Amino acid sequence: MEIPKTYDPKQAEEGHYSRWEREGCFAPEANGDPQAPVYSIVIPPPNVTGSLHMGHALQHTVMDVLTRYHRMRGFRTLWLPGTDHAGISTQIMVERQLKKEEGKSRHDVGREEFVRRVWAWKEQYGGEITRQMRREGASVDWSRERFTMDERLSRAVREFFVRCYEEGLIYRGPGMINWCPKDQTALSDLEVEKEPTRPDESKLYYLQYPVKGGDGRVTVATTRPETMLGDTAVAVSPKDERYAGLIGQTLLLPVVGREIPVVADEFVDPEFGTGAVKVTPAHDPADYAMGQRHGLPQVQVIDQHARMTAEAGAEFEGLDRYEARKLVVEKFEGLGLLEKVADYEFSITKCGRCRTVIEPLVSTQWFLKQAELGREPLRLIREQHEPRFVPENPYEKVYENWLAGLYDWTLSRQLWWGHRIPAWYDEAGNVYVARTEEDARAAAGTDRLEQDPDVLDTWFSSALWPVSTLGWPDEDSPDLKTFYPTSVLVTARDIIFLWVSRMMMTGVKFAGEKAFDDVFITGTVFDKHGQRMSKTKQNGVDPLDVFDKYGVDATRLVLASIGSTDTRWNDNQVESYRNFANKIWNAARFCLLNSEGAEVGRGFEGEPERWALHDRWIVSRLNKTAREVASAVEAYQFHEAVYALYHFFWDDFCDWYIELSKSDVTAEAAGPGRDAARSRVLTVLEQALRLLHPFMPFITEELWQRLPGVGKESLHAAYRAAEVTPTVMLAGFPRADEALIDERAEAEMRAVIELVSRVRNIRTELSVKPGEYLPRLFVGTPDGRLRHVFANSAEQITRLTRASKVYVADRLESFAGGANGGNPDGVDIPRASARAVLAGGAEVAVPLEGLIDFAQERARITREREKQERELQKAEAQLSNPQFVERAPAEKVEELRRRAAEAGQRIKALGEMLEALGE
RNA sequence: GCCCGCUUAGCUCAGUGGUAGAGCACGCGCUUCACACGCGCGGGGCCAAUGGUUCGAAUCCAUUAGCGGGCACCA
């Protein structure tokens, strides 16, 4: 068998995925066990316009690990993929293309044609992210792929809308909304962002309004002077004594000449500014509310293009809002009514998409009363902590606080791409909300209906994603019955409100149950300077580049380790896991190059008590690792799983087990002993590949396929009937067998490892040439069992320390003195030996005639003795504290006593060593 | 303004009441027949500061500082 020395990820990433997909391995139908428990995840649908970024890769890795793990555990597992139509983004992208290629606007081609072109665009370019997901190894069920504008999902949207309308949860009416003058649409509060002002914007203007019938003036402070053209009142706090006499009086609005009242309102903070607030009900959310309370008229002075209207006056009409601001300030200055301009930092609301400054406008839109839909989710989180957030802090609280403060959601968007609002108007302007146009006609009794031109917020359809993708509103949909509620939602924290909370609302309302049991919130990946990765900053790391450079599996290990932690991206980490992949490759290479006569699943016959120590040990380590990985994955502690796998594979399996087994595995002579040893390393490797598979699907499959003795019977029982090429992804995930976890074997192996390490350390410190053989090693231990262990492992100890022979006795002293009473071979330990103490009272001596500098050696041992003395002192100080002995748990006291005793023993042994060296 | 999180080895991060950990980086030595993307050995941290609780605190509490988030109709 030809196996390259270096793992080539590209080669392994090429073939397996398409076979898995083709053979239906990703579909829950592969599971033939009718009793199988169910595990399901719906993907947060990426924008159809999007391409893969690190955040996706992180989420997808987490979801894929969970999916593959549960699949291997025999769950009927579904991970459902799909994409989101992403209203504004997609529309803008196609508009841009239209402009560039044909020089036309969407209005030039008309609505119907434009929407047709968006669909065409989607068909042509929309699949990019789904191709990239295949590259990631994402084991999603492509046969169930969904798009938010699919006919069936659109039906769900209409059903949701109509039902809410019928219950009075959705209404149409005027309201204060966020208007983007560039995108020409209303936006919800979650689609806008606050930004701090630049220095040149950070101004607060103090304007004076004269009191009618007197020479008094009232000063108001504003950041937006141009809105004064639409002022219809000035408000003061009812508690503010300074203005008590002014309430009810009339002011003359400068420039405009309108008479406006002074009203009292609790909202006004007497401490801020002048304590008097200009009120512009048509252009400020707070003023709108005040206007409602006091029955003030609304004067719209700014239009949808952020230009001044005719109502702003002839001088201002047509001016941009910032030009108008300048002019207003000039006018006030000319009138002597500009009191001052102060520096003042505040925040400006901008469109989350295009960064244009939002214009608050009063407009007739469709709204959803979220507070009512949110009531049950709020109860669930408060009373039952459902869904369970991971990490719980701070997300559960963030989510709860959000639900507790819900307000109406602006649903309608003045776009062409999206779900058209299912509302029709007759010529008299009556509205008919219906599931279909036919229903609307029937209700209206006429065919002469116009459908509402607006579309719904993209997040409206997203809110239905878990139910709509599984078949709702068909309540007897088998998928809905089987896979709902989903097991976990994996997403980033910035859409907890936009999306997570709303899925819970629709889920409890329409499916009668929470949409998911758990919510796993992934961390954020920053660049190496701690900056958020963004397109505009050009500082993003493209996951596909990382895949190309280091391989998908290595990247996935990094991402899985990141999990819920915010992290600065660092290629070094990926490189080290690339090295790990190569390590796996080469360990397998060794096993395979020595696999003649071997077969996976054999070699561990008979009672474990009769196995060699290192076999009992590796099986124990394997089972512990299986236990750790399983509990870590189930607790979403992926870094713990990765850590356990990395160290099991590299340290336990490669550094020790393979090395300990090497002479048996590579023995010249074929025979049952060699076959068994070869089978054992193969078997451990095969189990390790299964454990690694959820994290590293490609390399594990590539290697697993090459193992002798794997086949259909290796698959988890639930998949044996499936017509698939045997694959590790459908093999059973190793279940920890507690009976095979052998603490004694682990302790004994630790002793062997320590012995080997100490001897190697001595070799290095005394500059013994790597190739040179130590003629003899002496080991003394009072522990009879350990003496057996060392004696039984003599071949391995000598090989791993490059020694020719190892002698074991009850104590080093037994070898000393020339009488040779204690040891069978009758050898003495020469004075020129390096010595060290080991755990549990064991000692080792390494004769190094000619290499020992006695003074140096004495110094080395003296240093060690001093260290032990400090240890002992510390322990004794604590033990002589009666408070400690009295109050600390008995086991802790006991442990400290043990440590003190051991230190004492070591000090004594080191003293004897000094004597043996000769003072 | 309110709320929350973070601060541990040069870097990226684990740990979380009872002798400080990993990977990378670093030093020394190795073409040891799976692997130099490797092997062996090693150096490196008063766990942000101060105070408190405790027999014991990097770990719990409080305050402070720095960094980062979220929420808020203060014009």
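Since the structure is predicted, the reported quantities are computational estimates derived from the model, not experimental observations. Below, read A as the first sequence line, B as the second, and so on, with proteins coming before strands; counting in each chain starts at 1.
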Of the listed nucleotides B/rG69, B/rC37, B/rA75, the one nearest the side chain of A/D269: B/rA75
Sugar-phosphate, base or nothing in reach of A/P285, heavy atoms under 4.0 Å: nothing
Ring centers of A/Y344, A/F272 separated by less than 6.0 Å: yes
Of the listed nucleotides B/rC41, B/rU12, B/rG18, the one nearest the side chain of A/K892: B/rG18
Distance, C1' atom - from B/rC39 to B/rG45, rounded to whole angstrom: 28 Å
Touch class at under 4.0 angstrom, heavy-atom based, for A/P882 against every strand present: nothing
Centroid-centroid under 6.0 Å between A/Y399 and A/F389 rings: yes
Inter-nucleotide C1' distance (B/rG70, B/rU50), Å rounded: 29 Å
Sugar-phosphate only, base, or nothing, as touched by A/E871 at under 4.0 Å among non-hydrogen atoms: base
Closest nucleotide among B/rC41, B/rA72, B/rA75 to the A/T222 side chain: B/rA75
Shortest side-chain distance from A/N570, nucleotide among B/rU12, B/rA75, B/rG42: B/rU12
Touch class at under 4.0 angstrom, heavy-atom based, for A/D566 against every strand present: sugar-phosphate
Closest to the A/R760 side chain, choosing from B/rA14, B/rC41, B/rC35: B/rC41
First of A/E640 and A/K528 reached from the 5' end of RNA chain B, by closest nucleotide: A/K528
Whole-Å C1' distance, B/rG40 and B/rG52: 48 Å
Touch class at under 4.0 angstrom, heavy-atom based, for A/Y577 against every strand present: nothing
Candidates B/rC3, B/rG18, B/rC41 - which lies nearest the side chain of A/N761: B/rC41
A/R493, nearest nucleotide to its side chain (from B/rG69, B/rA34, B/rG29): B/rG69
Test applied, salt bridge (charged side-chain N to carboxylate O under 4.0 Å, His left out); reference residue, A/E226; option that passes from A/R321, A/R325, A/K278: A/R325
C1' spacing across the pair B/rU19 / B/rA58, given as an integer number of angstrom: 13 Å
Closest to side chain of A/A286, choosing from B/rC24, B/rG18, B/rC73: B/rC73
C1' gap between B/rG68 and B/rC30, integer Å: 46 Å
Aromatic ring proximity, centroids under 6.0 angstrom, A/Y643 and A/H647: yes
Sugar-phosphate, base or nothing in reach of A/F497, heavy atoms under 4.0 Å: sugar-phosphate
Within 45° cone and under 6.0 Å: A/K662 NZ/CZ vs A/F590 ring: yes
Phosphate OP1/OP2 of B/rG38: any A/W585 side-chain N/O under 4.0 Å: no
Base paired to B/rA75 (Watson-Crick or G-U; both N/O distances under 3.5 angstrom): none
Sugar-phosphate only, base, or nothing, as touched by A/E659 at under 4.0 Å among non-hydrogen atoms: base
Distance, C1' atom - from B/rG44 to B/rG21, rounded to whole angstrom: 13 Å
Earlier contact from the 5' end, RNA chain B, for A/E895 and A/T223: A/E895
Gap in Å between the two P atoms, one belonging to B/rC3 and one to B/rU16, rounded: 28 Å
Exceeds 12 heavy-atom contacts within 6.0 angstrom, atom CD of A/E596: no
Among B/rA34, B/rU19, B/rA75, the one nearest A/K874 by side-chain distance: B/rU19
Touch class at under 4.0 angstrom, heavy-atom based, for A/T565 against every strand present: sugar-phosphate
